[in-house]
S.K.: 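What follows is a single structure, and I will ask about it in a moment.
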Amino acid sequence: MARASASIATFLRQFRGETQTQARRLTVECSESESSSDGSSAGGNPDLGEIAKEVSNLIRTKPRWEQTLRSDFPSFNFADSQFFQELLKHQTNAFLLFKFFHWLRSELDFIPSIKTWNSVLQCCLKLGKTDLLWKMYQDMMETGVVADIDTDTVFCLIDAFAKGGEAGKGYELLKQLLKDGLPLQNAPFIKLISAFAKRGENDVVSELLHTMIARTMRPDVHTYQEVINGLCKNGMPLEALKVFNNLKDRGYAVDRVMYTTMIHGLCISKHVSYAKELWLEMIRKGIVPNHYTYNALIHGYFKSGNVEGAKELYKEMSDRRNCGETTVAYNTMITGLSMNGKNDEALELFKSMPEKGMVRDLISFNTLILGLCKEGRTVESRKLIEELLALGLHPSASTYSPVIQKLCLSGDVQEGIILWNEMQNKGLQPSAWTYHHFIAGLCKEKGYETEAMEWLFVMLKNNLKPKQSIFERVVQCLLQNDRVDDSLLVLNYMVKVGYSLRGIVINHFLWCKLPKNNPLFVKQNNS
DNA sequence: AAGAGTCGCA
């Protein structure tokens with residue numbers, strides 16, 4: 001593995017704000033990477049694997065292994081890095097491994113080599129714990145291995161940046177590797193492409209693809225799958241389809257996941273006919289649709305109003321593939337039915353779930369509540385919320401939002417306030433859209449202008465941008481209650497977030513406040 | 001080896 005250059009080390013220090021690293025200590029395992037890395041089980045000590053297996057079992061089953069381990073293996077050197085590598089192979093529980101790693105370092109003065117550190121970092125990534133990774137990385141830098149950092153380390157860091165929403169920093173690192181002319185693999189490219197594609201930053205995605213191609217690294221189907229997924233999620237399904245067709249023309253083996261991703265992307269943007277074409281094409285090629293594929297197309301049919309088609313497909317999935325009786329499949333059906341005004345059918349399915357031994361999850365509840373609210377059935381929706389809480393499920397903002405919105409729209413603001421408070425008490429953050437409905441509802445009700453203003457400020461504090469019309473509603477509402485100073489305060493905020501004064505607001509002022517002593521108004525009256 | 005799916009977007 002190539003050692004990373006000094007410039008990378010400097011670069012990394014800038015990123016995470018490390019303090020000066022300590023003087024580098026001599027490592028007891030300095031020769032590890034040269035001599036023994038290739039022969040982990042064949043070369044060297046044949047007992048190592050066996051002992052690793054034993055120790056692995058021990059730390060899994062014995063509660064206080066820390067106290068007895070050394071006397072259990074009196075002459076064994078646990079601080080042998082090869083041993084730790086062996087242990088990594090046998091230990092599947094990463095947290096236990098971290099505990100052991102910590103024990104080695106604190107009790108036995110174990111000084112891990114860069115290879116060991118890399119394995120630890122990879123473990124963090126596997127667990128999806130990027131915060132833990134950065135903590136480990138900090139530790140690692142403090143032990144002074146900074147000069148040993150190799151491309152494996154940097155790959156881990158790039159992955160962590162990509163996963164942690166800092167793809168930009170990851171890309172900077174990759175650029176540094178490129179500049180240093182170090183040998184690269186597909187992996188870091190794929191992670192970054194995936195991250196940028198998800199964010200819809202297509203120019204960066206194509207830049208990365210071009211870099212790969214220029215370095216004769218052939219991006220694989222998996223890479224392109226991320227690209228296609230990103231394009232679809234960002235509302236560019238037809239561009240995704242172009243990439244997809246282009247891949248087929250270039251002889252890539254397009255598999256079931258690719259087809260499913262593409263079909264799903266087309267379905268969510270209402271291009272069902274293209275999706276159906278692909279569906280037939282994959283069957284012609286002998287690729288059997290699985291429950292992901294079925295659900296995607298069923299959802300697409302419902303979305304385009306083809307209820308019969310969706311039902312037929314569902315029946316086929318149940319009869320021929322035997323995967324109709326799952327929570328996901330039912331949720332898809334419930335969503336689709338209530339989206340198409342068939343709430344009673346959806347309700348029936350929903351009610352039959354426990355009888356059939358299926359678990360109803362939050363999505364089952366949320367989708368049904370949404371559908372019922374669309375028809376104004378807020379009483380039933382509230383009952384569903386009670387039921388969900390009784391089952392011990394944790395509601396989300398979209399559990400409450402549709403009910404609050406409907407209540408506010410239909411003038412039942414009092415009930416809306418009750419639910420709003422319940423939602424606040426559970427620490428759920430409403431969407432900007434829900435705030436709008438709620439604030440508008442408060443404005444409609446007499447005597448709630450202070451609340452309306454306060455919730456508008458809460459929105460701003462939570463970095464949500466209220467619509468201009470909501471600002472104006474609140475201003476109007478305040479003026480009607482002679483609260484000129486407060487209305488000016490709200491206007492001030494409105495301008496601060498980038499809106500300009502519109503005629504409507506000026507009219508509110510003219511009508512409500514200014515006529516009495518405004519010379520213009522007096523003049524007009526006289527003339 | 002992994003990758004893909006269910007909740008509205010006014």
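Numbers restart at 1 for each chain; the letters A, B, ... are given by sequence-line order, proteins then strands.
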S.K.: Roughly, in whole Å, what's the span from OH in Y435(A) to C1' in dA10(B)?
M.R.: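 About 19 Å, once rounded to whole Å.
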
S.K.: Picking from dT6(B), dG8(B), dG5(B), which would you name as closest to the side chain of Q405(A)?
M.R.: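 Between dT6(B), dG8(B), dG5(B), the one nearest the side chain of Q405(A) would be dG8(B).
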
S.K.: Just to verify, what does K303(A) make a salt bridge (Lys or Arg N to Asp or Glu O under 4.0 Å) with, not counting sequence neighbours?
M.R.: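 Counting only residues at least two positions away or on another chain, K303(A) forms no salt bridge (Lys or Arg N to Asp or Glu O under 4.0 Å).
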
S.K.: Which label fits F101(A) and F84(A): parallel for a plane angle under 30°, tilted from 30 to 60°, or perpendicular past 60°?
M.R.: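 F101(A) and F84(A): tilted rings.
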
S.K.: Roughly how many Å is it from CG in L125(A) to C1' in dA2(B), rounded to a whole number?
M.R.: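 After rounding, the gap between these two atoms is 15 Å.
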
S.K.: Rounded to whole Å, please give me the gap between NE2 in H437(A) and P in dC9(B).
M.R.: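 The distance from NE2 of H437(A) to P of dC9(B) comes to 12 Å, rounded to the nearest Å.
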
S.K.: For a quick check of understanding: with a heavy-atom distance under 4.0 Å over all strands, which category does T367(A) fall into, base, sugar-phosphate or nothing?
M.R.: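 Here T367(A) touches the backbone only, sparing every base.
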
S.K.: Going by centres under 5.5 angstrom and planes under 30 degrees, do the aromatic ring of W433(A) and the base ring of dG8(B) stack?
M.R.: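 By the stated criterion, W433(A) and dG8(B) do not stack.
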
S.K.: So which atom in G324(A) and which in Y314(A) form the shortest heavy-atom distance, rounded to 0.1 Å?
M.R.: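 Shortest heavy-atom separation between G324(A) and Y314(A) comes out as O-OH, 3.0 Å.
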
S.K.: Return the set of residues passing salt bridge (Lys or Arg N to Asp or Glu O under 4.0 Å) with K175(A) (not counting sequence neighbours), or none when no residue passes.
M.R.: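 With neighbours one apart ignored, the set is E172(A).
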
S.K.: To the nearest angstrom, how far is L362(A) atom CG from dG5(B) atom C1'?
M.R.: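 Distance, rounded to whole Å: 17 Å.
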
S.K.: Going by number, which of residues 220-230 of chain A have a non-hydrogen atom under 4.0 Å from DNA chain B?
M.R.: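 Contacting residues: H222(A), Q225(A), N229(A).
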
S.K.: Could you check whether K303(A) gets within reach of a base, just the sugar-phosphate, or nothing at all, counting any heavy atom under 4.0 Å?
M.R.: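 Touches nothing.
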
S.K.: Just grab all the salt bridge (charged side-chain N to carboxylate O under 4.0 Å, His left out) pairs involving residues 415-424 of chain A, residues at least two apart or on different chains.
M.R.: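 Every pair satisfying salt bridge (charged side-chain N to carboxylate O under 4.0 Å, His left out) with a residue in residues 415-424 of chain A: R382(A)-E415(A).
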
S.K.: Classify the ring geometry of Y435(A) against W420(A): parallel below 30°, tilted from 30° to 60°, perpendicular beyond 60°.
M.R.: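 Judged by the thresholds at 30° and 60°, the geometry between Y435(A) and W420(A) is perpendicular.
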
S.K.: In whole angstrom, give the distance that lies between atom CE of M333(A) and atom C1' of dC7(B).
M.R.: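 About 16 Å, once rounded to whole Å.
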
S.K.: Taking only side-chain N and O atoms of K467(A), does any of them lie within less than 4.0 angstrom of OP1 or OP2 on dC9(B)?
M.R.: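 So the side-chain polar atoms of K467(A) never come under 4.0 Å of the phosphate oxygens OP1 or OP2 of dC9(B).
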
S.K.: Determine whether T130(A) and C124(A) make a side-chain contact, defined as any pair of heavy atoms from C-beta on separated by less than 4.5 Å.
M.R.: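 They are not in side-chain contact.
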
S.K.: Could you tell me how far apart K233(A) (NZ) and dT6(B) (C1') are, to the nearest whole angstrom?
M.R.: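 Computing the K233(A):NZ to dT6(B):C1' distance gives 12 Å.
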
S.K.: Whole angstrom is fine here: how far is it from NZ in K374(A) over to P in dC9(B)?
M.R.: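 K374(A) atom NZ is separated from dC9(B) atom P by 6 Å.
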
S.K.: Over 60° means perpendicular and under 30° means parallel, so tell me whether Y493(A) and F457(A) are parallel, tilted or perpendicular.
M.R.: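 Correct class here is tilted.
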
S.K.: Tell me every residue that passes side chain to side chain contact (heavy atoms under 4.5 Å, CB included) with A296(A), counting only those two or more places apart in sequence or in another chain.
M.R.: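 I263(A), H264(A).
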
S.K.: Would you mind telling me which of dA4(B), dG8(B), dT6(B) lies closest to the side-chain atoms of T332(A)?
M.R.: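 Closest of the options to the side chain of T332(A): dT6(B).
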
S.K.: What is the separation between atom NZ on K465(A) and atom P on dC9(B), rounded to the nearest whole Å?
M.R.: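 About 22 Å, once rounded to whole Å.
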
S.K.: If you take any heavy atom closer than 4.0 Å to DNA chain B, which residues from residues 239-272 of chain A end up in contact?
M.R.: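 Listed by number, they are D255(A), V257(A), T260(A), T261(A), H264(A).
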
